[in-house]
Number of protein chains: 2
Amino acid sequence: MGWLSHEEDCVEMTRTRSAPTISQVAAAAGVSRSSVSRAFTNPHLLSEETVKNVLRIADEIGYVPNHTARALSTGRYANIAIIVPDIANPFFPPMIKAAQEDADNSGFCVFLGNSNEDPAREDQLLARFLGQVEGFILVSSRLGEQRIRHYVERCPLVLINRDIKGLPRVLIDSGPGVSEAVHHLAELGHKSIAYLSGPKRSWSNTQRLAAVKKAGRELDLKVSVISTTTPSYQAAREVSARLINTGATAVISFDDLTAQGVIAGLSDHGLVVPRDISVVGCDDVLDAATHPSLTSVSSRSAESGRTALSILLDFLRKGNTGDIRFSLDTRLVSRETTARPRLP
Amino acid sequence: MGWLSHEEDCVEMTRTRSAPTISQVAAAAGVSRSSVSRAFTNPHLLSEETVKNVLRIADEIGYVPNHTARALSTGRYANIAIIVPDIANPFFPPMIKAAQEDADNSGFCVFLGNSNEDPAREDQLLARFLGQVEGFILVSSRLGEQRIRHYVERCPLVLINRDIKGLPRVLIDSGPGVSEAVHHLAELGHKSIAYLSGPKRSWSNTQRLAAVKKAGRELDLKVSVISTTTPSYQAAREVSARLINTGATAVISFDDLTAQGVIAGLSDHGLVVPRDISVVGCDDVLDAATHPSLTSVSSRSAESGRTALSILLDFLRKGNTGDIRFSLDTRLVSRETTARPRLP
DNA sequence: CTGAAAGCGCTAACAG
DNA sequence: CTGTTAGCGCTTTCAG
């Protein structure tokens, strides 16, 4: 690690020259400032010739309309903000990416906020963005309902994976996928399964646990539930003994990370997946990139981002859209960590 | 999947009420507008009483300074933009997260741009952000040097993993880590190793290939190089036959994703890692979350983001900083996919 | 079709 | 310490 300095190269990054303004273009083109403005925003109000001329001069000078000044004048910021609890959690990037791309195509810039799972920080981010965006996408918000409603009053906002009545929200419903997973295991011949639980307060975990129990009941399987303190790889690895003690021949884990922890933990006890025990994850964030590749419940993370964005843009264009609750269901992606149980 | 509408709940998200302005606060508090402004930006210029009074009234009314108006007036946007080729590539999120967090702590908001590996789109993003940010962080930029210099003239900019003389840049140098990996393999007793190459035009790949060759020469190992069309899991999986044919007992792969592909590919041929062949990845994006956990070269992604941000903020505060070339070196993270070679 | 004038909400000299 | 006066760069009536 080190610093190198070549003094002779210091021409760059000295002082940024201030951007050309509309006035300069107007002067150079011999037209009024409003004409320049119109050439960019309402060319059809101008003679073809004027437009062409202005645009040419502008290009020469290197003029680019100032986003900020325009926003102040029109009230249209052409910016939105996405706030997530943790960018580094692989569940979120595909969502951000999808929303980003669509926003981009509609001419919007996107601010990204990382609340770090902290409601206070989330609140602060919202406040900071408030004066410069036309809308928010709040993902898995940890903020109190009161505060969320506070912001909704001042700026359009759509929630992802947070179910507040009356607010537009898109929810990824793990139910169907988890249920499918249980059926899949039952078909393979498993009679006793375990669910490794995630955070108690998590909306997703609640959905998943309920789905496992319901499907287990219907298929007459024994269902054991094991909890970890925190849904980490390490924590999951450490509960493997308890998992084994349940006598389950298959385990459904809260997410892919904990599923990998389970696989490692079982291996610590000499058990091989899927030969000795089958494992299924949730969220499908690893694709097939592990070996053996993980059977998992798809998360549709990208779609949720896209959907939230389109709800937001729709609202910005058309106004009131009523109480929107968009539910995305999920399905099982069957790969290599599930198999028939070993005969006793 | 479905839409539910409860008409009775439509109170929300109708029309956003326009935000209170400084004038309203001034009127309510019985002071001039500048005093309100000062209460927020230079409270020390005001009597304690006035400040308290203004702040109280502002809070009551729900006034929050308008970021955009302030920016237009001061020229300080308090925004920066980070542009990456692919948010969904696990190499980038830790970097974005780290930069985001530090920016946040310095009162900056961050725009996120995803160029999708497309220079034209990257250019467009730059242009769109230009009028509303104080600086850029360009990660693994695919843009031509001319264009980058064009933007540098108008706005401070720091590069990550792109080495352009005279521009501030932070580079993650895989050299030391890769070299360490080769030494590690040699110590385990390997005599013949292979490098699975990444994109030809990639700065990182060039570094890595060179380091493997150099260390291999020094340690008197046989080094074979295999290339894939694209550095994907699948592509890596498919070259395993060629890898095996080299007779190498260990392979170093361009990144972690391809390393996992290699492991799967070897397994397709009945070979078990690390019993039959050792594998090491690069970037260390998987932590220990796979089984067996991958030996990899650390990427220091987060640190690169933090460093780039601090260079940028330093520049914004202090001006010209000369030719900065900050190099972060790497090291080997030894885990479970490397072992002694099998005896012939 | 084009220009003049007012103003978006805030800050920053400059007086007092 | 506080009020007054100009703008920041752009859009947008309103006239012509």
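Source: prediction; values computed, not measured.
Of the residues in residues 70-80 of chain B, B/Arg70, B/Ser73, B/Thr74, B/Arg76 come within less than 4.0 Å of DNA chain C through at least one heavy atom, sorted by number. Of the residues in residues 42-65 of chain B, those lying under 4.0 Å from DNA chain C by heavy-atom distance are B/Tyr63, B/Pro65.
For the ring pair (Phe, Tyr, Trp, His ring centres under 6.0 Å) test, no residue two or more places apart in sequence or in another chain qualifies with B/Phe108. Listed by chain and number, the residues in a ring pair (Phe, Tyr, Trp, His ring centres under 6.0 Å) with B/Phe129 are B/Phe111 (sequence neighbours excluded).
Using a 4.0 Å cut-off between charged side-chain N and carboxylate O, A/Arg149 and A/Glu145 make a salt bridge. Checked for salt-bridge contact, A/Lys165 and A/Asp323 miss the test: no charged N lies under 4.0 Å from a carboxylate O. The pair B/Arg56-B/Glu60 meets the salt-bridge criterion, with a side-chain N (NZ, NE, NH1 or NH2) lying under 4.0 Å from an Asp/Glu carboxylate O.
Atom P of nucleotide C/dC10 and atom CZ of B/Phe40 are separated by 9 Å, given to the nearest angstrom.
Rounded to 10°, the helix from C/dC1-D/dG16 to C/dG16-D/dC1 has 40° between the axis fitted to its first five pairs and the one fitted to its last five.
Proximity of a side-chain donor or acceptor of A/Asn114 to a complementary backbone N or O of B/Lys97 within less than 3.5 Å is not detected. Side-chain N or O atoms of A/Arg169 include one that pairs as donor or acceptor with a backbone N or O of A/Ile324 at under 3.5 Å. Using a distance-only test at 3.5 Å, with no hydrogens or angles considered, no donor-acceptor pair links the side chain of A/Asn42 to the main chain of A/Leu45. Listed for the B/Gln100 side chain is no donor-acceptor partner under 3.5 Å among the backbone atoms of B/Val110.
Within a 6.0 Å sphere centred on CZ of B/Arg33, heavy atoms belonging to other residues, nucleotides or ligands number 12 at most. Within 6.0 Å of the CZ atom in B/Arg128, the count of heavy atoms belonging to other residues, nucleotides or ligands exceeds 12.
The two residues B/Gly305 and B/Ala99 make their nearest non-hydrogen contact at O-CB, 3.8 Å.
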Pairs under 3.5 angstrom, nitrogen or oxygen only, protein versus nucleotides 3-5 of chain C, please.
unit_1	atom_1	unit_2	atom_2	d
C/dG3	OP2	A/Ser32	N	3.1
C/dG3	OP2	A/Ser32	OG	3.1
C/dG3	OP2	A/Ser35	OG	2.9
C/dG3	N7	A/Arg38	NH2	2.7
C/dG3	O6	A/Arg38	NH1	3.3
C/dG3	O6	A/Arg38	NH2	3.1
C/dA4	N6	A/Ser34	OG	3.4

